[in-house]
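Comments concern the structure below.
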Amino acid sequence: MTNPTHPAPAVARAGRREWTALAVLMLPLLLVSMDVSVLYFAIPGISADLEPSGTQQLWIFDVYGFVLAGLLMTMGSLGDRIGRRRLLLIGAGAFGTASLLAAYAHTAETLIAARALLGIGGATLMPSTMALVRTMFTDPSQRAKAIGLWSGVMTAGIALGSVMSGVLVEHFWWGSVFLVNLPAMALLLVLGPLLLPESRNPSPGRFDLLGVPLSMAAVLPVIYGLKELSSEGWNVRYVVSITVGLLFAALFVHRQRTAASPMIPPALFRGHGFTPAVVLNTMSAFGMMGSAYFTTQYLQSVLGRSALEAALWSLLPSVPIGAAAPIAAHLVQRGVDRAYVVTGGFLVAAGGYGLLALTGTDSLWLLLVACGVLACGIVAVMSQLTDLALSSAPVEKAGAASSLLETGTEFGGALSMAVLGSIGAAVYRHDIPSTAPEPARETLGGALAVAAELPGRAGDALATAAREAFTGGMQAAAVAGAVLLTGSAGLAVVRLRGIRVREEPAAEAEKAAV
């Protein structure tokens, strides 16, 4: 007598409606990632019109990223409670309003406030889009493809933002870099209610009000300290800021472990694969942002390209990125263990850093190839780790899981600029001639400014020495990046081996849908 066999529960496959909805979700994702770099070419016009002080100019640049990072966990948890689509649409309205306010700001203070509001809107949009992808695509193969597109668009948006700002500022006034957000947000507000499903946690519990200030107090001082260390160098004030943030982080973790309805449920970390996915995703962000920190300066200050030329050249490495995530997803679907795919991606990215370590002071194409190889490896890794983390989390906690991933990405980027930037700066100061003026011994930009004022060969000699010193610093940082990514590859093969994404029955996925 044979035992009856029961068919596996049906898994809902996404159709045309879901894929069209994904295209709609790409709009806010693209714009939020573009706003990280959209001010690169607008700042001269802003400086001429609004006359901000040096401190105000720094805040115009940084307040968006600070607010975004500080509120990601709060907004992810809020979306799980009030509905991800609802929060997405609220965020779209806020983002559009803030863009209008920024475009027509008449004072530096108004622009800083508008950029802060943009950060609030961005914090609602990023985890909401990822969580909605999680709820719309329950079939593992389709979800992997959707997340691959998500990762590619986010990465491309950062590069595209600087180019678009250059083109707009060349033909219009600086406020146009913000007005470009309005049509996309209007389209999202119209099509979102028609195409996007509403989903939320059916039993969310009370909102963790105390967790909000604790999470911000944990994230903001650390991000601030790391970014300032990368740009200003060693300073006790920034170390204290990081220390204070870490103390609040410990309090936040304690709060989440003891609260009845925590913002970040500890049960998330018991999901098979969730914790290593978050940690390794942070390392991949470290790898991505570290290269961008150097290559932008290299293109402009070492090779002498204009800002717009540098931005256009930097788009070339983004071309092959579109194939990286689909190839990684295809390998996993064909039965290759995800651990080996992620490990391979890290090793490819480490190879990109290895090529970067070979660059000289006139190595444009080698630099572009290195950046392309690095980006392909990182995007393949991030797409797979995002898929693993979201698949390991219960669908009703998709917002919290998404926000934790995004917060880790922010930490990884800030840590990368601090660590690799410090290595590059140390080598630069060691290699620059000790007879150079003090400003020249601090930064490449300072050296080129001093060299421009020196007569004849003296100025040329200082500029050449500074460019060589900067390139040496970039090479040393690239070696460090390659070592870290190689270590991440080893960690991936150990921690991810054998982990499988569970197929989620349609009925189970629909419990969180409204």
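Being a predicted model, the structure only gives us computed values, none of them experimental.
Summarising the geometry of Ala277 relative to Leu388, their closest heavy-atom pair is CB-CD2, 4.1 Å, with the distance given to 0.1 Å. Taking every heavy atom of both residues into account, Ser488 and Leu280 meet most closely at O-CD2, 3.7 Å. The minimum heavy-atom distance between Gly76 and Ser403, with the atom names listed, is CA-CB, 3.9 Å. Taking all atoms of both residues into account, the shortest heavy-atom contact from Ala357 to Ala478 is N-CB, 3.8 Å. Between Arg17 and Leu195, the closest heavy-atom pair is NE-O, 3.7 Å. The two residues Asp337 and Leu496 make their nearest non-hydrogen contact at OD1-O, 3.9 Å.
Under the 4.5 Å side-chain criterion, counting only non-hydrogen atoms from C-beta, Phe252 is in contact with Met73. Contact of the Leu118 side chain with the Phe178 side chain is registered, since non-hydrogen atoms from C-beta on lie closer than 4.5 Å. Residues Leu491 and Thr343 are not in side-chain contact: their nearest non-hydrogen atoms beyond the backbone lie 4.5 Å or more apart. The shortest side-chain heavy-atom distance between Leu347 and Leu485 does not fall under the 4.5 Å cut-off. Residues Phe248 and Pro221 are not in side-chain contact: their nearest non-hydrogen atoms beyond the backbone lie 4.5 Å or more apart. Counting only heavy atoms from C-beta outward, the side chains of Leu405 and Thr282 never approach each other to under 4.5 Å. No side-chain heavy atom of Val67 sits less than 4.5 Å from a side-chain heavy atom of Arg115. The shortest distance between side-chain heavy atoms of Leu71 and Val219 does not fall below 4.5 Å.
Atom-to-atom distance recorded for Leu88:CG and Leu25:CG is 6.5 Å, nearest 0.5 angstrom. In this structure, OG1 in Thr129 is found 7.5 Å from CD in Glu406, a value given to the nearest 0.5 Å. In this structure, OG in Ser402 is found 4.5 Å from CG in Leu390, a value given to the nearest 0.5 Å. Note: Leu87 CG to Ser77 OG = 10.5 Å, rounded to the nearest 0.5 Å. Once rounded to the nearest 0.5 Å, the distance linking CD of Gln384 with OG1 of Thr386 reads 9.0 Å. Note that OG1 of Thr20 is 9.5 Å distant from CG of Leu191, once rounded to the nearest 0.5 Å.
Ser215 places a side-chain N or O within 3.5 Å of a backbone atom of Val212 that can act as its donor or acceptor partner. Judged purely by atom type and a 3.5 angstrom limit, Ser301 has no side-chain atom pairing as donor or acceptor with the backbone of Tyr298. Side chain of Arg305 to backbone of Leu303: a donor-acceptor contact under 3.5 angstrom is found. At least one donor-acceptor pair under 3.5 Å links the side chain of Ser363 to the backbone N or O of Gly360. Side-chain atoms of Arg85 come within 3.5 Å of backbone atoms of Leu196 as a donor-acceptor pair (strictly under, hydrogens ignored). Counting only distance, with no hydrogens or angles, the side chain of Ser128 and the backbone of Thr124 share a donor-acceptor pair below 3.5 Å.
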* Leu355/Leu374 under side-chain contact (heavy atoms from CB on, under 4.5 Å): CA gap, chis, key distance, verdict -> CA-CA 9 Å; Leu355 292 174; Leu374 172 62; over 6 Å; no
* Worked check of side-chain contact (heavy atoms from CB on, under 4.5 Å) between Phe286 and Leu420 -> CA-CA 9 Å; Phe286 184 106; Leu420 298 186; 3.9 Å; yes
* Give the intermediate values and the outcome of side-chain contact (heavy atoms from CB on, under 4.5 Å) for residues Leu125 and Met75. => CA-CA 9 Å; Leu125 296 172; Met75 295 305 181; over 6 Å; no
* Any chance you could lay out the side-chain contact (heavy atoms from CB on, under 4.5 Å) test for Leu358 and Gln475, step after step, and finish with the verdict? => CA-CA 7 Å; Leu358 300 176; Gln475 292 168 347; over 6 Å; no
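By the 30° and 60° cut-offs, the orientation of the rings of Tyr64 relative to Phe95 is perpendicular.
Residues in residues 308-327 take part in these ring-ring contact (aromatic ring centres under 6.0 Å, His included) pairs, two or more places apart or across chains: Trp313-Trp365.
Thr409 pairs by the side-chain hydrogen bond (donor to acceptor under 3.5 Å, both in side chains) definition with Asn281, not counting sequence neighbours.
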